[in-house]
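A short write-up of the structure that comes next.
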Amino acid sequence: MPISLEHVSFTYMKGTPFEKTALHDVNLQIEKGEFVAVIGHTGSGKSTLVQHLSGLLHPQKGSVCVDGVNLNAKNAAAKKARNSVGMVFQYPEHQIFAETVYEDIAFGPRNKGLTPEGTDRAVKDAMAFAGLDFETFAQRSPFRLSGGQMRRVAIAGVVAMEPDYLILDEPSAGLDPRARDEIFKEIMALYRKRGIAVILVTHNMEEAARYATRLLVVSDGRIILDGVPHEIFTNHKEELLKVSMDVPPVYKLAECLQEHGLNVKSTPELADLERQILKVRRSRHAD
Ligand SMILES: Nc1ncnc2c1ncn2[C@@H]1O[C@H](COP(=O)(O)OP(=O)(O)OP(=O)(O)O)[C@@H](O)[C@H]1O
Ligand SMILES: [Mg+2]
């Protein structure tokens, strides 16, 4: 069953001189098992879109449903539906609230009715998932951590709730490349194991190309492209450039090599491109 937006529109500061329409009549369905990357220029509406998917913002027009249940209804089914969607905010300090890292991460599992032992297990698993050493961090104040560590706490808090739909709004901001790779490895493992949907907002084209099964390109509050990342990066470069986006560097490199007469195919994986180049070289030497 999907998470779906139907004819959703949203305007900030409506009726004031600062009025800004951030979503224009958006229709979208995301099924469990999809890994969706959302890209778009700054201010295009990505965060507004995912805040609707998580029920944090209510649509001014249209509706948001999870597994057929309207997220904004005021009943037990809607609460359960909202609990099935977990979101790591763009700014993690906006979602951290407790006095210790442990308490912050324990909030969700406790709220779901887990026993103290179950909660303890969930906190430890989620901290391991996010790369936070239990002994070092459990009793520390989350507000005294670095930006990257705070982001890990936010990720752990959301993962501990075992959501069916996991939304990550720019999760790698503030993380160094190694930490980013480690967290993505865990997210991919979770995605494959539990068959959840992952919705990843990112400025990083390589992340989108590497991990996503589906790519949404947002511009001025509209989804202007929706398809398989490889297909979009290969066939829709002009549209991306028009909205101040670009293709990942590995696609540019392949294109450059093709222009120089090298018979290689575009690919999201640098290692794959390298193999192709070596193959071309070997065949040239053999001639
Ligand atoms: N709380 C707010 N009040 C007024 N306008 C807002 C508010 N939040 C966002 N906006 C405006 O709505 C539009 C969409 O913002 P949104 O944060 O969804 O974009 P985004 O694609 O997530 O941007 P970024 O890449 O910078 O995170 C922007 O023009 C933004 O200035
Ligand atoms: Mg944003």
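Note that ligands are numbered from 1 as they come in the structure, with each ligand's atoms numbered from 1 the same way.
Numbered from 1 in the order shown, with element, the atoms of ligand 1 that lie under 4.0 Å from a heavy atom of His41 read 21 (O). Less than 4.0 angstrom separates some heavy atom of Gln90 from each of these atoms of ligand 1: 27 (O). Near His203, meaning under 4.0 Å from any of its heavy atoms, are these atoms of ligand 1: 25 (O).
A salt bridge links Lys124 to Asp120: one of the charged nitrogens lies within less than 4.0 Å of a carboxylate oxygen. Using a 4.0 Å cut-off between charged side-chain N and carboxylate O, Glu117 and Arg121 make no salt bridge.
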Apply side-chain contact (heavy atoms from CB on, under 4.5 Å) to Met161 and Asn83, showing your working. CA-CA 8 Å; Met161 294 195 58; Asn83 277 340; 4.0 Å; yes
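No donor-acceptor contact under 3.5 angstrom links the side chains of Tyr211 and Thr202, judged on distance only. At a cut-off of 3.5 Å, with distance as the only test, no side-chain donor of Gln276 or Thr267 sits close to an acceptor on the other residue. A side-chain donor from one of Ser47 and Asp169 sits under 3.5 Å from a side-chain acceptor of the other. Under 3.5 Å, the side chains of Asp246 and Tyr251 contain no donor-acceptor pair of N or O atoms.
With respect to atom 18 (O) of ligand 1, the closest heavy atom belonging to the protein is Thr48 OG1, 2.5 Å. Taking atom 23 (O) of ligand 1 as the reference point, the nearest protein heavy-atom neighbour is Gly43 N, 2.8 Å. If you check which protein heavy atom lies closest to atom 3 (N) of ligand 1, you get Tyr12 CD2, 3.7 Å. Here the heavy atom of the protein found nearest to atom 17 (O) of ligand 1 is Ser47 CB, 3.8 Å. Of the protein's heavy atoms, Lys46 NZ, 2.8 Å lies nearest to atom 21 (O) of ligand 1.
Under 4.0 angstrom from ligand 1, the non-hydrogen atoms of Ser44 come from both its backbone and its side chain.
For atom 25 (O) of ligand 1, a protein heavy-atom neighbour is found at a distance under 4.0 Å. The presence of a protein heavy atom under 4.0 Å from atom 30 (C) of ligand 1 is ruled out.
Looking at every heavy atom in both residues, Val8 comes nearest to Ser63 through CG2-O, 3.4 Å.
With 2.8 Å as the limit, Ser47 counts as an N, O or S neighbour of the Mg ion (ligand 2). Among the atoms of Gln90, an N, O or S atom falls under 2.8 Å from the Mg ion (ligand 2).
Inclusion of Gly45 in the set of residues having an N or O under 3.5 Å from an N or O of ligand 1 is warranted. Considering backbone and side-chain atoms alike, Met13 places every N or O at 3.5 Å or more from each N or O of ligand 1.
Between Phe10 and the choices Leu49, Leu57, Thr21, Val26, the side-chain contact (heavy atoms from CB on, under 4.5 Å) rule is met once, by Leu57.
Cluster membership check: Tyr191 does not share its hydrophobic cluster with Ile167, using side-chain heavy-atom separations under 4.5 Å among Ile, Leu, Val, Met, Phe, Trp and Tyr.
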